Amino acid sequence: QLQLVESGGGLVQVGASLTLSCTASGPTFSTSAMGWFRQAAGKEREFVAAINRNGGGTDYSDSVKGRFFISRDNSKNMLYLQMSTLKAEDTAVYYCAGRSNVGLILKRESSYDYWGQGTQVTVSS
């Protein structure tokens, strides 16, 4: 079982950088596939980035590829999302998600069992 808590959101200007963190508790983080999703106001939640359990494989949505970087530290039970060159359209609530005992990179929302409460990122123009 995983419990996930996001942090690091805030209000930034267009072009700025921001790093989100996800603190995981539970015994299965190091064997869990992890991902980041986001939901803008009035829109459905969408995939942002995913990482496999050992951190050796990642994938990104086309809208963030080259600007965002997902990483994890299994020794600290932490997941990160480094965001750079932020755009107004990146404004959303960002969620951390996990699926225990899976070695794959998961991109579908329905593939994840555990979710955090979300952290708001607002990019002001």
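Everything numeric here is computed off the predicted structure, so don't read it as measured data.
Annotation: side chain of Phe29 is not in contact with side chain of Met78 (no heavy-atom distance under 4.5 Å).
Between the OG atom of Ser30 and the NZ atom of Lys76 there is a distance of 15.5 Å, given to the nearest 0.5 Å. Rounding to the nearest 0.5 angstrom, the gap separating the OG atom in Ser61 from the CZ atom in Phe68 is 7.5 Å. Distance check: Cys22 SG to Trp36 CH2 gives 5.0 Å after rounding to the nearest 0.5 Å. Summarising the geometry, atom CD belonging to Gln120 is positioned 12.0 Å from atom CZ belonging to Arg38; distances are rounded to the nearest 0.5 Å. The structure places CD of Gln3 at 11.0 Å from CD of Gln117, a figure rounded to the nearest 0.5 Å. Within the model, atoms OG of Ser17 and CZ of Phe69 stand 14.0 Å from one another, a figure rounded to the nearest 0.5 Å.
Here the options are Leu86, Asp90, Thr85, Val123, the test is side-chain contact (heavy atoms from CB on, under 4.5 Å), and the partner is Val14; only Val123 passes. Gln82 pairs with exactly one of Thr19, Leu20, Ile70 by the side-chain contact (heavy atoms from CB on, under 4.5 Å) rule, that one being Thr19.
Val93 and Tyr112 fall within the same hydrophobic cluster, where Ile, Leu, Val, Met, Phe, Trp and Tyr residues are linked whenever their side-chain heavy atoms come under 4.5 Å apart, directly or through other members. Linking Ile, Leu, Val, Met, Phe, Trp and Tyr whenever their side-chain heavy atoms come within less than 4.5 Å leaves Tyr80 and Val121 in two separate clusters. The hydrophobic clustering, which links ILVMFWY residues whose side-chain heavy atoms are closer than 4.5 Å, places Leu4 and Val48 together. At a threshold of 4.5 Å between side-chain heavy atoms, the hydrophobic network of Ile, Leu, Val, Met, Phe, Trp and Tyr places Trp115 and Leu81 in two separate groups. Taking hydrophobic clusters as Ile, Leu, Val, Met, Phe, Trp and Tyr residues chained together by side-chain heavy-atom distances below 4.5 Å, Ile51 shares a cluster with Met83.
Within the 3.5 Å criterion, the main-chain N or O of Leu11 finds no donor-acceptor partner in the side chain of Thr122. Side-chain atoms of Asn77 never come within 3.5 Å of backbone atoms of Ser25 as a donor-acceptor pair (strictly under, hydrogens ignored). Remark: the backbone N or O of Ser125 is not paired with any side-chain donor or acceptor of Gln13 at under 3.5 angstrom. In this structure, Arg53 contributes its side chain and Ile105 its backbone to no donor-acceptor pair below 3.5 Å. Side chain of Arg99 to backbone of Ser111: a donor-acceptor contact under 3.5 angstrom is found.
Side chain to side chain, Thr28 and Ser100 meet the donor-acceptor criterion of an N or O pair below 3.5 Å.
Nearest heavy-atom pair across Cys96 and Leu79 is SG-CD2, 3.7 Å. When all heavy atoms are compared, the tightest approach of Leu2 to Ser32 is CD1-OG, 3.5 Å. Tyr60 approaches Ala49 most closely through the heavy-atom pair CD2-CB, 3.6 Å.
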Using side chain to side chain contact (heavy atoms under 4.5 Å, CB included), reason through Glu46 and Glu109 one step at a time and then give a plain yes or no. CA-CA 8 Å; Glu46 64 175 1; Glu109 184 177 346; over 6 Å; no
Can Asn52 and Met34 be said to form a side chain to side chain contact (heavy atoms under 4.5 Å, CB included), step by step? CA-CA 6 Å; Asn52 67 356; Met34 300 296 297; over 6 Å; no
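Contact check on Lys65 versus Asp62 returns a salt bridge, with a Lys/Arg side-chain nitrogen under 4.0 Å from an Asp/Glu carboxylate oxygen.
Ring planes of Phe47 and Phe37: perpendicular class, angle over 60° (limits at 30 and 60°).
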